[in-house]
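To start, the structure under review is shown below, and the notes come after it.
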Amino acid sequence: MVKDSKAAKRIRDAAAEAFAENGYGGTTTRDIAARLGLSPAAMYPHYRSKEDLLYAISYEGHRRCVELLTDHDPAGADPATRLRSVVGAFAAWHATHHARGRVIQYELTALSPEHYRIILGLRRQSTQIVRRIVDAGAADGSFAVPDAEGVTLAITSLCVDICRWFPAGRYTEPDQLAGLYGELALRLAGA
């Protein structure tokens, strides 16, 4: 789905920066090309449109989040350990990549219907990873969950929102948020 040439990656990186600074609607292909010292026409062999670029950035970011959550879900661990690990990783990613995170999380409405459906599928995969852990904790009694779906949405929403405000106040380190959000997730789950 994502072109992996050096030129395509440079274009995605420049576009993500521009979209994060000015919003998708406030950025032109000319703005993106200017960041790279290129003409807008030089981008078209890699991306046919600004929307294709947004889709590539969104796909890459959401795919990475699914992989991250999967990688940080320790097999065989108890639900509390799993939830703390997964949520910590998700929170830290959104802090570390806060500019790119704002683009992939808050510019979705600019995607074509087809691209939007694909990205929603990836978002559902991320949510399902957290939901399986919440359900496992509810099933074994380690979580007192009044509403598994609501708790899952609250936890994932908290993590996603980090990219909107990070860094702020005394929260300037992704690892600091990883620990805090892991503990907050446990409280939301009634651990």
Side-chain angles (χ1 to χ4, degrees), residues 16 19-21 23-24 54-55 57-111 115-191:
F19 295 157
E21 290 172 17
Y24 176 81
L54 177 62
Y55 171 66
I57 294 163
S58 297
Y59 184 87
E60 181 179 47
H62 281 90
R63 184 78 235 143
R64 178 63 193 125
C65 285
V66 170
E67 292 167 358
L68 181 81
L69 294 175
T70 301
D71 291 347
H72 282 83
D73 187 1
D78 62 275
T81 299
R82 292 173 63 202
L83 188 62
R84 186 182 294 115
S85 177
V86 163
V87 170
F90 201 43
W93 188 92
H94 281 88
T96 301
H97 305 282
H98 55 92
R100 187 171 296 258
R102 275 194 310 277
V103 174
I104 72 167
Q105 299 295 356
Y106 295 109
E107 297 288 356
L108 295 176
T109 58
L111 293 171
H115 287 160
Y116 184 76
R117 278 191 299 278
I118 293 167
I119 298 303
L120 282 184
L122 291 171
R123 289 171 70 95
R124 280 189 205 102
Q125 288 179 38
S126 292
T127 301
Q128 288 168 353
I129 292 166
V130 176
R131 176 65 186 267
R132 281 193 296 271
I133 298 169
V134 170
D135 287 344
D140 77 2
S142 57
F143 298 161
V145 181
D147 176 355
E149 182 179 355
V151 167
T152 300
L153 291 174
I155 290 168
T156 56
S157 295
L158 282 173
C159 292
V160 164
D161 196 51
I162 290 169
C163 64
R164 185 185 53 77
W165 59 264
F166 185 86
R170 64 186 183 120
Y171 299 105
T172 59
E173 297 298 323
D175 289 343
Q176 179 185 23
L177 285 179
L180 173 63
Y181 276 58
E183 292 305 314
L184 290 173
L186 291 174
R187 290 181 185 191
L188 283 169

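As a basis for the values below, the full set of heavy atoms in this structure was taken, side chains included, without hydrogen atoms, waters or symmetry mates.
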Residue E149 excluded, over 12 heavy atoms near CD under 6.0 Å
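No.
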Are more than 12 heavy atoms from other residues, nucleotides or ligands located less than 6.0 Å from atom OH of Y106?
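Yes, the 6.0 Å shell around OH holds more than 12 heavy atoms from other groups.
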Side-chain heavy atoms of C159 within contact of W93, under 4.5 Å:
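Sidechains of W93 and C159: no contact.
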Student check: side-chain heavy atoms of L108 and H62 closer than 4.5 Å
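Result yes, sub-4.5 Å side-chain heavy-atom pair found.
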Distance (rounded to the nearest 0.5 Å) between [X] [atom1] and [Y] [atom2]:
X    : Y    : atom1 : atom2 : answer
L153 : L188 : CG    : CG    : 11.5 Å
Y181 : F90  : OH    : CZ    : 12.0 Å
D78  : L83  : CG    : CG    : 10.0 Å
T156 : D161 : OG1   : CG    : 11.0 Å
Y24  : L111 : OH    : CG    : 7.5 Å
I119 : R124 : CD1   : CZ    : 11.5 Å

Quick check on salt bridge (Lys or Arg N to Asp or Glu O under 4.0 Å): which of D135, D73, D140 does R82 satisfy it with?
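The residue from D135, D73, D140 that satisfies salt bridge (Lys or Arg N to Asp or Glu O under 4.0 Å) with R82 turns out to be D73.
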In sequence, state the C-alpha distance, the side-chain angles, and the governing distance for L186 and F143, and then conclude on side-chain contact (heavy atoms from CB on, under 4.5 Å).
CA-CA 8 Å; L186 291 174; F143 298 161; 4.1 Å; yes
Just by distance, do the side chain of [X] and the backbone of [Y] share a donor-acceptor pair under 3.5 Å?
X    : Y    : result
S85  : T81  : no
R102 : R164 : no
E107 : S58  : no

In terms of the angle between their ring planes, are H115 and Y55 parallel, tilted or perpendicular, with boundaries placed at 30° and 60°?
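H115 vs Y55 ring planes: parallel.
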Could you tell me which non-hydrogen atom of [X] sits nearest to which non-hydrogen atom of [Y], and how far apart they are?
X    : Y    : value
I133 : P79  : CG2-O, 3.5 Å
A20  : A99  : CB-O, 3.5 Å
A189 : V145 : O-CG2, 3.4 Å
A16  : V103 : O-CG2, 3.5 Å
T172 : G169 : CG2-O, 3.7 Å
A178 : A92  : CB-CB, 4.1 Å

side-chain contact (heavy atoms from CB on, under 4.5 Å) partner of C65, chosen from H94, Q125, H97
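The single option meeting the side-chain contact (heavy atoms from CB on, under 4.5 Å) with C65 is H94.
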Trace of the salt bridge (Lys or Arg N to Asp or Glu O under 4.0 Å) decision for R63 with E67:
CA-CA 6 Å; R63 184 78 235 143; E67 292 167 358; 3.8 Å; yes
Steps toward side-chain contact (heavy atoms from CB on, under 4.5 Å) verdict (I57, R100)
CA-CA 8 Å; I57 294 163; R100 187 171 296 258; 4.0 Å; yes
Is it true that R64 and E60 make a salt bridge, defined as a side-chain N closer than 4.0 Å to a carboxylate O?
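A salt bridge is absent here (no side-chain N lies under 4.0 Å from a carboxylate O).
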